[in-house]
**Q** 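Pasting a structure below so you can have a look.
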Amino acid sequence: MSLRETILPRLDGSREWPRGPAGWLWQMLRGLAAPYGGTMRLRAEAYRRGLLSAWQAPCPVVSVGNLTTGGTGKTPLTLWMASHLQEVGYRVAVVSRGYGQTSREAVTLVADGEQVLERPPRAADEAVLLARRLPGVVVATGPERRAVIEALWRRFAPDVVILDDAFQHLRVRRDLDVVLLDGRRPFGNGRLLPAGLLREPPTALSRASLVCLTRLAEGVEVTSWKEKLLQLGYAGEVVATAHRPAGWQPLQGGACWPLEALRGRRVMGFAGLADPTSFRESLPALGLDVAGFQAFADHHFWGDAELRQLRERAHSLGAAYLVCTEKDLVKLPADGWEIPVVALRIDVVFTSEARPLIDALRRTVG
(Lines give C-alpha, C1' and ligand atoms only; values in the text may rest on other atoms or scores of the structure.)
Protein backbone atom coordinates (compact mmCIF):
# COMPACT_ATOMS: atom_id res chain seq x y z
CA MET A 1 0.00 0.00 0.00
CA SER A 2 1.35 3.45 -0.95
CA LEU A 3 1.85 6.35 1.47
CA ARG A 4 -1.02 8.15 -0.24
CA GLU A 5 -3.36 5.19 0.25
CA THR A 6 -2.29 4.95 3.89
CA ILE A 7 -2.60 8.63 4.80
CA LEU A 8 -5.75 9.71 2.92
CA PRO A 9 -8.21 7.57 4.90
CA ARG A 10 -6.92 9.19 8.09
CA LEU A 11 -7.60 12.64 6.66
CA ASP A 12 -11.19 11.57 6.03
CA GLY A 13 -11.96 10.14 9.42
CA SER A 14 -9.82 7.28 10.72
CA ARG A 15 -7.99 7.95 13.97
CA GLU A 16 -5.81 4.86 13.82
CA TRP A 17 -2.11 5.53 13.48
CA PRO A 18 -0.32 3.97 10.50
CA ARG A 19 3.04 2.27 11.01
CA GLY A 20 6.43 2.49 9.36
CA PRO A 21 7.28 5.41 7.00
CA ALA A 22 3.60 6.34 6.73
CA GLY A 23 3.48 6.67 10.53
CA TRP A 24 6.42 9.09 10.51
CA LEU A 25 4.75 11.17 7.81
CA TRP A 26 1.50 11.14 9.76
CA GLN A 27 3.24 12.42 12.89
CA MET A 28 4.89 15.19 10.88
CA LEU A 29 1.53 16.27 9.46
CA ARG A 30 0.03 16.32 12.94
CA GLY A 31 2.92 18.49 14.12
CA LEU A 32 2.33 21.00 11.32
CA ALA A 33 -1.39 21.24 12.09
CA ALA A 34 -0.80 23.07 15.39
CA PRO A 35 1.02 26.13 13.97
CA TYR A 36 -1.41 26.23 11.05
CA GLY A 37 -4.38 26.30 13.42
CA GLY A 38 -2.76 28.97 15.54
CA THR A 39 -2.15 31.15 12.50
CA MET A 40 -5.79 30.84 11.39
CA ARG A 41 -7.04 31.76 14.87
CA LEU A 42 -4.78 34.81 15.09
CA ARG A 43 -5.84 35.96 11.61
CA ALA A 44 -9.55 35.70 12.40
CA GLU A 45 -9.05 37.50 15.72
CA ALA A 46 -7.15 40.31 13.99
CA TYR A 47 -10.10 40.91 11.67
CA ARG A 48 -12.56 40.69 14.55
CA ARG A 49 -10.67 43.32 16.54
CA GLY A 50 -10.16 45.58 13.54
CA LEU A 51 -6.39 45.16 13.46
CA LEU A 52 -6.89 43.97 9.89
CA SER A 53 -9.59 45.74 7.91
CA ALA A 54 -12.18 44.13 5.66
CA TRP A 55 -13.32 45.99 2.56
CA GLN A 56 -17.00 46.99 2.41
CA ALA A 57 -18.52 46.29 -1.02
CA PRO A 58 -20.98 48.78 -2.58
CA CYS A 59 -23.73 46.14 -2.53
CA PRO A 60 -24.71 43.29 -0.18
CA VAL A 61 -22.34 40.31 -0.19
CA VAL A 62 -23.42 36.75 0.60
CA SER A 63 -20.68 34.19 1.23
CA VAL A 64 -21.15 30.44 0.69
CA GLY A 65 -18.32 28.46 2.28
CA ASN A 66 -17.30 25.58 4.50
CA LEU A 67 -14.84 24.53 7.18
CA THR A 68 -13.28 21.60 5.32
CA THR A 69 -11.51 21.10 2.03
CA GLY A 70 -13.27 19.10 -0.65
CA GLY A 71 -16.89 19.08 -1.68
CA THR A 72 -19.74 19.82 0.71
CA GLY A 73 -22.26 20.90 -1.93
CA LYS A 74 -21.43 24.59 -2.25
CA THR A 75 -22.14 24.73 -5.99
CA PRO A 76 -25.69 23.27 -5.82
CA LEU A 77 -26.58 25.62 -2.95
CA THR A 78 -25.07 28.61 -4.77
CA LEU A 79 -27.24 27.68 -7.77
CA TRP A 80 -30.33 27.56 -5.58
CA MET A 81 -29.59 30.86 -3.83
CA ALA A 82 -28.82 32.72 -7.06
CA SER A 83 -31.95 31.31 -8.74
CA HIS A 84 -34.14 32.27 -5.77
CA LEU A 85 -32.82 35.83 -5.65
CA GLN A 86 -33.19 36.16 -9.41
CA GLU A 87 -36.77 34.88 -9.31
CA VAL A 88 -37.80 37.56 -6.79
CA GLY A 89 -36.36 40.31 -8.97
CA TYR A 90 -32.76 40.93 -7.91
CA ARG A 91 -29.76 41.36 -10.23
CA VAL A 92 -27.29 38.71 -9.10
CA ALA A 93 -23.56 38.28 -9.64
CA VAL A 94 -21.52 35.25 -8.57
CA VAL A 95 -17.80 35.63 -7.86
CA SER A 96 -15.20 32.94 -7.17
CA ARG A 97 -11.43 32.71 -7.07
CA GLY A 98 -11.35 30.51 -10.15
CA TYR A 99 -9.41 27.56 -8.78
CA GLY A 100 -7.58 25.60 -11.50
CA GLN A 101 -8.22 27.99 -14.38
CA THR A 102 -5.45 29.05 -16.74
CA SER A 103 -6.56 32.68 -17.01
CA ARG A 104 -4.29 34.93 -14.99
CA GLU A 105 -6.30 38.11 -15.56
CA ALA A 106 -7.41 40.17 -12.58
CA VAL A 107 -11.01 39.67 -13.71
CA THR A 108 -12.21 36.83 -15.92
CA LEU A 109 -15.81 37.49 -17.00
CA VAL A 110 -17.30 34.04 -17.46
CA ALA A 111 -20.87 35.20 -18.20
CA ASP A 112 -22.26 38.70 -18.68
CA GLY A 113 -25.89 37.83 -17.97
CA GLU A 114 -26.64 37.34 -21.66
CA GLN A 115 -24.20 34.64 -22.74
CA VAL A 116 -21.46 32.37 -21.46
CA LEU A 117 -18.17 33.89 -22.59
CA GLU A 118 -15.56 31.42 -21.36
CA ARG A 119 -14.97 27.68 -20.98
CA PRO A 120 -12.39 25.53 -19.23
CA PRO A 121 -9.48 25.46 -18.84
CA ARG A 122 -9.29 29.21 -19.27
CA ALA A 123 -12.15 29.59 -16.75
CA ALA A 124 -12.70 27.37 -13.72
CA ASP A 125 -15.04 24.42 -14.23
CA GLU A 126 -17.38 25.35 -11.37
CA ALA A 127 -17.68 28.95 -12.62
CA VAL A 128 -18.59 27.74 -16.12
CA LEU A 129 -21.14 25.31 -14.65
CA LEU A 130 -22.73 28.15 -12.68
CA ALA A 131 -22.79 30.34 -15.79
CA ARG A 132 -24.51 27.66 -17.86
CA ARG A 133 -27.09 26.87 -15.20
CA LEU A 134 -27.86 30.53 -14.37
CA PRO A 135 -28.94 32.44 -17.48
CA GLY A 136 -29.23 36.12 -16.66
CA VAL A 137 -26.68 35.96 -13.83
CA VAL A 138 -23.24 37.56 -14.12
CA VAL A 139 -20.39 35.17 -13.22
CA ALA A 140 -16.75 36.21 -12.84
CA THR A 141 -13.53 34.92 -11.30
CA GLY A 142 -10.27 36.43 -10.12
CA PRO A 143 -7.48 35.96 -7.56
CA GLU A 144 -8.49 39.09 -5.62
CA ARG A 145 -12.23 39.09 -5.07
CA ARG A 146 -12.40 42.76 -4.13
CA ALA A 147 -11.09 43.68 -7.59
CA VAL A 148 -13.65 41.41 -9.22
CA ILE A 149 -16.55 42.91 -7.25
CA GLU A 150 -15.41 46.46 -8.04
CA ALA A 151 -15.24 45.66 -11.76
CA LEU A 152 -18.68 44.06 -11.77
CA TRP A 153 -20.17 46.95 -9.83
CA ARG A 154 -18.88 49.50 -12.34
CA ARG A 155 -20.25 47.56 -15.32
CA PHE A 156 -23.36 45.76 -14.05
CA ALA A 157 -24.32 47.31 -10.66
CA PRO A 158 -25.66 44.04 -9.21
CA ASP A 159 -28.09 44.11 -6.30
CA VAL A 160 -26.18 41.32 -4.58
CA VAL A 161 -22.91 39.43 -4.99
CA ILE A 162 -22.60 35.78 -3.97
CA LEU A 163 -19.04 34.81 -3.09
CA ASP A 164 -18.46 31.12 -3.76
CA ASP A 165 -16.15 29.30 -1.30
CA ALA A 166 -15.32 32.40 0.72
CA PHE A 167 -15.78 31.71 4.45
CA GLN A 168 -12.02 32.09 4.97
CA HIS A 169 -11.76 35.12 2.63
CA LEU A 170 -11.99 37.73 5.38
CA ARG A 171 -10.64 40.63 3.33
CA VAL A 172 -14.13 41.27 1.94
CA ARG A 173 -16.83 42.08 4.48
CA ARG A 174 -19.89 39.93 4.02
CA ASP A 175 -23.47 40.66 5.02
CA LEU A 176 -24.47 36.99 5.24
CA ASP A 177 -22.14 34.04 5.89
CA VAL A 178 -23.68 30.68 4.98
CA VAL A 179 -21.48 27.77 6.06
CA LEU A 180 -22.02 24.23 4.80
CA LEU A 181 -21.26 21.13 6.85
CA ASP A 182 -21.39 17.63 5.41
CA GLY A 183 -23.80 15.83 7.71
CA ARG A 184 -21.91 12.55 7.26
CA ARG A 185 -18.55 13.88 8.53
CA PRO A 186 -18.81 17.60 9.26
CA PHE A 187 -15.25 18.00 10.55
CA GLY A 188 -13.45 15.21 8.70
CA ASN A 189 -11.23 13.44 11.21
CA GLY A 190 -11.38 16.45 13.53
CA ARG A 191 -7.86 17.60 12.66
CA LEU A 192 -6.66 20.74 10.93
CA LEU A 193 -4.68 20.85 7.69
CA PRO A 194 -2.37 19.22 6.79
CA ALA A 195 -3.23 16.35 9.16
CA GLY A 196 -6.95 16.59 8.41
CA LEU A 197 -9.48 18.34 6.21
CA LEU A 198 -10.32 21.30 8.47
CA ARG A 199 -9.38 24.72 7.12
CA GLU A 200 -10.21 26.27 10.50
CA PRO A 201 -11.10 25.00 13.97
CA PRO A 202 -14.81 24.15 14.38
CA THR A 203 -15.14 27.11 16.79
CA ALA A 204 -14.82 29.37 13.71
CA LEU A 205 -18.52 28.63 13.18
CA SER A 206 -19.14 31.45 15.67
CA ARG A 207 -18.61 33.81 12.67
CA ALA A 208 -21.34 32.12 10.61
CA SER A 209 -24.72 33.71 9.99
CA LEU A 210 -26.43 30.44 9.08
CA VAL A 211 -25.35 26.79 8.95
CA CYS A 212 -26.56 24.46 6.23
CA LEU A 213 -26.20 20.72 6.78
CA THR A 214 -25.76 18.81 3.53
CA ARG A 215 -26.14 15.10 2.84
CA LEU A 216 -27.72 14.65 6.24
CA ALA A 217 -28.62 11.04 7.01
CA GLU A 218 -32.32 10.30 6.77
CA GLY A 219 -34.15 10.67 10.06
CA VAL A 220 -31.54 12.93 11.70
CA GLU A 221 -33.21 15.97 13.25
CA VAL A 222 -31.81 19.48 12.83
CA THR A 223 -32.63 20.22 16.47
CA SER A 224 -30.03 17.70 17.66
CA TRP A 225 -27.43 19.49 15.54
CA LYS A 226 -28.34 22.86 17.03
CA GLU A 227 -27.30 21.55 20.43
CA LYS A 228 -23.95 20.29 19.09
CA LEU A 229 -23.23 23.56 17.29
CA LEU A 230 -24.14 25.61 20.35
CA GLN A 231 -21.20 23.97 22.14
CA LEU A 232 -18.92 25.36 19.40
CA GLY A 233 -20.21 28.90 19.89
CA TYR A 234 -22.79 28.93 17.08
CA ALA A 235 -26.32 29.83 18.16
CA GLY A 236 -27.91 30.74 14.82
CA GLU A 237 -30.36 29.04 12.48
CA VAL A 238 -29.69 25.63 10.94
CA VAL A 239 -31.19 24.26 7.73
CA ALA A 240 -30.67 20.88 6.08
CA THR A 241 -30.47 19.94 2.40
CA ALA A 242 -30.02 16.87 0.26
CA HIS A 243 -28.85 16.46 -3.32
CA ARG A 244 -31.50 15.06 -5.65
CA PRO A 245 -30.77 13.64 -9.11
CA ALA A 246 -32.89 15.66 -11.54
CA GLY A 247 -32.06 14.31 -15.00
CA TRP A 248 -29.36 13.65 -17.59
CA GLN A 249 -27.76 16.62 -19.35
CA PRO A 250 -26.48 15.69 -22.85
CA LEU A 251 -23.03 16.94 -23.81
CA GLN A 252 -24.39 18.57 -26.95
CA GLY A 253 -26.82 20.70 -24.93
CA GLY A 254 -30.57 20.95 -25.02
CA ALA A 255 -33.15 19.88 -22.48
CA CYS A 256 -32.32 17.37 -19.75
CA TRP A 257 -33.42 13.80 -20.33
CA PRO A 258 -35.56 12.24 -17.61
CA LEU A 259 -33.83 9.88 -15.21
CA GLU A 260 -35.78 6.96 -16.67
CA ALA A 261 -34.08 7.45 -20.04
CA LEU A 262 -30.97 5.52 -18.94
CA ARG A 263 -32.55 3.04 -16.56
CA GLY A 264 -31.29 -0.46 -17.35
CA ARG A 265 -28.72 0.81 -19.84
CA ARG A 266 -25.07 -0.25 -19.67
CA VAL A 267 -22.83 2.72 -18.86
CA MET A 268 -19.30 3.63 -17.87
CA GLY A 269 -18.88 6.39 -15.33
CA PHE A 270 -16.01 8.79 -14.75
CA ALA A 271 -15.45 11.87 -12.59
CA GLY A 272 -12.84 14.41 -11.58
CA LEU A 273 -13.95 15.10 -8.01
CA ALA A 274 -12.31 15.43 -4.61
CA ASP A 275 -14.58 12.62 -3.43
CA PRO A 276 -16.38 10.71 -6.21
CA THR A 277 -17.98 8.22 -3.81
CA SER A 278 -21.48 9.73 -3.78
CA PHE A 279 -21.59 10.06 -7.56
CA ARG A 280 -20.29 6.54 -8.16
CA GLU A 281 -22.79 5.04 -5.71
CA SER A 282 -25.68 6.99 -7.21
CA LEU A 283 -25.36 5.33 -10.63
CA PRO A 284 -26.51 1.80 -9.75
CA ALA A 285 -29.05 3.33 -7.36
CA LEU A 286 -30.61 5.04 -10.40
CA GLY A 287 -31.00 1.70 -12.14
CA LEU A 288 -27.95 1.89 -14.42
CA ASP A 289 -25.90 -1.16 -15.36
CA VAL A 290 -22.45 0.21 -14.41
CA ALA A 291 -19.80 -1.64 -16.43
CA GLY A 292 -16.91 0.40 -15.00
CA PHE A 293 -15.90 3.62 -13.30
CA GLN A 294 -12.74 5.74 -13.50
CA ALA A 295 -11.86 8.41 -10.95
CA PHE A 296 -9.56 11.37 -11.64
CA ALA A 297 -8.17 14.17 -9.51
CA ASP A 298 -10.43 17.08 -8.56
CA HIS A 299 -10.73 19.69 -11.34
CA HIS A 300 -8.97 17.33 -13.76
CA PHE A 301 -8.80 18.50 -17.37
CA TRP A 302 -8.62 15.69 -19.91
CA GLY A 303 -6.17 15.70 -22.79
CA ASP A 304 -6.85 14.09 -26.18
CA ALA A 305 -5.08 10.85 -25.25
CA GLU A 306 -7.10 10.46 -22.04
CA LEU A 307 -10.36 11.13 -23.86
CA ARG A 308 -9.45 8.51 -26.44
CA GLN A 309 -8.71 6.01 -23.66
CA LEU A 310 -12.09 6.73 -22.06
CA ARG A 311 -13.87 6.07 -25.35
CA GLU A 312 -11.90 2.89 -25.98
CA ARG A 313 -12.53 1.54 -22.49
CA ALA A 314 -16.25 2.30 -22.74
CA HIS A 315 -16.42 0.42 -26.06
CA SER A 316 -14.46 -2.53 -24.67
CA LEU A 317 -16.92 -2.78 -21.76
CA GLY A 318 -19.91 -2.65 -24.07
CA ALA A 319 -21.17 0.61 -22.55
CA ALA A 320 -23.91 2.45 -24.44
CA TYR A 321 -23.23 5.73 -22.60
CA LEU A 322 -20.46 7.58 -20.79
CA VAL A 323 -21.78 9.33 -17.68
CA CYS A 324 -20.10 12.02 -15.58
CA THR A 325 -20.93 15.01 -13.38
CA GLU A 326 -21.99 18.44 -14.65
CA LYS A 327 -18.68 19.85 -13.45
CA ASP A 328 -16.89 17.34 -15.68
CA LEU A 329 -19.22 17.90 -18.64
CA VAL A 330 -18.30 21.57 -19.06
CA LYS A 331 -14.65 20.56 -19.65
CA LEU A 332 -15.35 18.08 -22.47
CA PRO A 333 -15.20 18.82 -26.21
CA ALA A 334 -18.57 18.53 -27.93
CA ASP A 335 -17.33 16.52 -30.92
CA GLY A 336 -15.47 13.30 -31.68
CA TRP A 337 -17.08 10.96 -29.19
CA GLU A 338 -18.76 8.08 -31.11
CA ILE A 339 -20.72 7.36 -27.89
CA PRO A 340 -23.31 9.54 -26.11
CA VAL A 341 -21.95 11.45 -23.10
CA VAL A 342 -24.35 12.68 -20.44
CA ALA A 343 -24.00 14.27 -17.00
CA LEU A 344 -26.14 13.67 -13.95
CA ARG A 345 -27.86 16.91 -13.07
CA ILE A 346 -28.15 17.51 -9.32
CA ASP A 347 -30.58 19.88 -7.61
CA VAL A 348 -30.82 20.90 -3.96
CA VAL A 349 -33.89 19.96 -1.94
CA PHE A 350 -34.51 21.07 1.61
CA THR A 351 -35.05 18.32 4.15
CA SER A 352 -35.85 20.91 6.80
CA GLU A 353 -37.81 24.15 6.65
CA ALA A 354 -36.13 26.46 4.11
CA ARG A 355 -37.66 29.62 5.54
CA PRO A 356 -34.66 30.59 7.75
CA LEU A 357 -32.40 30.80 4.68
CA ILE A 358 -35.03 32.54 2.54
CA ASP A 359 -35.65 35.13 5.25
CA ALA A 360 -31.91 35.67 5.78
CA LEU A 361 -31.37 36.25 2.06
CA ARG A 362 -34.21 38.72 1.77
CA ARG A 363 -33.16 40.63 4.89
CA THR A 364 -29.64 40.86 3.50
CA VAL A 365 -30.59 42.09 0.03
CA GLY A 366 -33.76 43.96 0.83
Side-chain angles (χ1 to χ4, degrees), residues 1-6 8-9 12 70-71 75-76 98-103 110 116 118-133 243 245-346:
M1 182 179 290
S2 68
L3 287 178
R4 176 181 174 85
E5 292 170 327
T6 304
L8 283 182
D12 287 339
T75 299
Y99 180 82
Q101 68 183 29
T102 59
S103 172
V110 182
V116 180
E118 299 285 358
R119 60 163 297 150
R122 177 174 159 76
D125 49 15
E126 290 170 345
V128 175
L129 168 57
L130 289 165
R132 291 188 179 182
R133 287 281 301 271
H243 296 160
W248 299 103
Q249 178 62 57
L251 175 60
Q252 283 71 26
C256 269
W257 301 348
L259 291 173
E260 294 76 17
L262 266 63
R263 189 160 292 154
R265 305 303 298 270
R266 192 170 177 82
V267 306
M268 176 182 153
F270 68 99
L273 299 174
D275 182 2
T277 305
S278 294
F279 174 64
R280 183 174 61 241
E281 293 176 349
S282 71
L283 301 181
L286 291 170
L288 278 60
D289 176 12
V290 183
F293 188 92
Q294 191 163 353
F296 297 86
D298 197 18
H299 302 284
H300 185 75
F301 189 83
W302 291 272
D304 292 339
E306 289 177 309
L307 295 175
R308 183 174 62 255
Q309 290 169 3
L310 279 174
R311 293 194 299 268
E312 291 173 352
R313 186 180 177 201
H315 281 301
S316 69
L317 293 171
Y321 295 88
L322 274 164
V323 297
C324 61
T325 71
E326 284 189 284
K327 193 173 82 165
D328 300 314
L329 196 74
V330 301
K331 294 178 285 188
L332 301 177
D335 302 318
W337 281 96
E338 305 172 6
I339 181 173
V341 182
V342 295
L344 181 60
R345 179 168 176 167
I346 297 294

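Values reported hereafter were calculated over all heavy atoms of this structure, with side chains retained and with hydrogens, waters and symmetry mates removed.
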**Q** Using only atom types and a distance under 3.5 Å, with no angle test, would you say the side chain of Q252 pairs donor to acceptor with the backbone of A334?
**A** yes

**Q** Can you name the nearest heavy-atom pair linking P333 to L251, along with the distance?
**A**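 Reported closest heavy-atom pair: O-CD2, 3.3 Å.
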
**Q** For residues 306-326, which residue pairs qualify under salt bridge (charged side-chain N to carboxylate O under 4.0 Å, His left out), counting only residues two or more places apart or in two chains?
**A**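 Of all non-adjacent pairs touching residues 306-326, those that pass salt bridge (charged side-chain N to carboxylate O under 4.0 Å, His left out) are R133-E326.
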
**Q** How close do D125 and K331 get, counting heavy atoms only, and between which atoms?
**A**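 Of all heavy-atom pairs spanning D125 and K331, the closest is OD2-NZ, 3.2 Å.
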
**Q** How would you list, by chain and number, every residue that makes a salt bridge (Lys or Arg N to Asp or Glu O under 4.0 Å) with R122, sequence neighbours excluded?
**A**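 For R122, the residues satisfying salt bridge (Lys or Arg N to Asp or Glu O under 4.0 Å) (neighbours in sequence not counted) are E105, E118.
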
**Q** So do the side chains of C324 and L332 get within less than 4.5 Å of each other, counting heavy atoms only?
**A**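 A side-chain contact under 4.5 Å exists here.
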
**Q** Hey, is CZ on R265 packed in by over 12 heavy atoms from elsewhere, all under 6.0 Å?
**A**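 No, not enclosed.
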
**Q** Applying ring pair (Phe, Tyr, Trp, His ring centres under 6.0 Å) as the test, list every pair that has at least one member in residues 305-340; sequence neighbours left out.
**A** none

**Q** With sequence neighbours excluded, tell me which residues meet ring-ring contact (aromatic ring centres under 6.0 Å, His included) with W302.
**A**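 In terms of ring-ring contact (aromatic ring centres under 6.0 Å, His included), with neighbours along the sequence ignored, W302 is linked to F270, F296, H300.
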
**Q** Kindly say whether L317 contributes a backbone atom to a donor-acceptor pair with the side chain of R266 at under 3.5 angstrom?
**A**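 The answer is yes, because a donor-acceptor pair under 3.5 Å joins these two groups.
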
**Q** Could you pull out the closest heavy-atom pair between Q249 and C256, with the gap in Å?
**A**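 Scanning both residues, the minimum pair turns out to be OE1-SG, 3.4 Å.
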
**Q** Evaluate the side-chain proximity of L329 to V341: yes if any heavy-atom separation is below 4.5 Å, no if none is.
**A** yes

**Q** Taking all heavy atoms of P340 and all of A320, pick out the closest pair and write down the distance.
**A** CD-O, 3.4 Å

**Q** Just grab all the salt bridge (charged side-chain N to carboxylate O under 4.0 Å, His left out) pairs involving residues 292-303, residues at least two apart or on different chains.
**A** D298-K327

**Q** Minimum heavy-atom separation for G272 to D328, with atom names?
**A**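 The answer is N-OD1, 3.0 Å.
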
**Q** List the atom of V110, the atom of A131, and the distance in Å for their closest heavy-atom pair.
**A** CG1-CB, 3.9 Å

**Q** Report the residues that fulfil side chain to side chain donor-acceptor pair (under 3.5 Å) with T102, sequence neighbours left out, ordered by chain and then residue number.
**A**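 Not a single residue meets the side chain to side chain donor-acceptor pair (under 3.5 Å) criterion with T102.
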
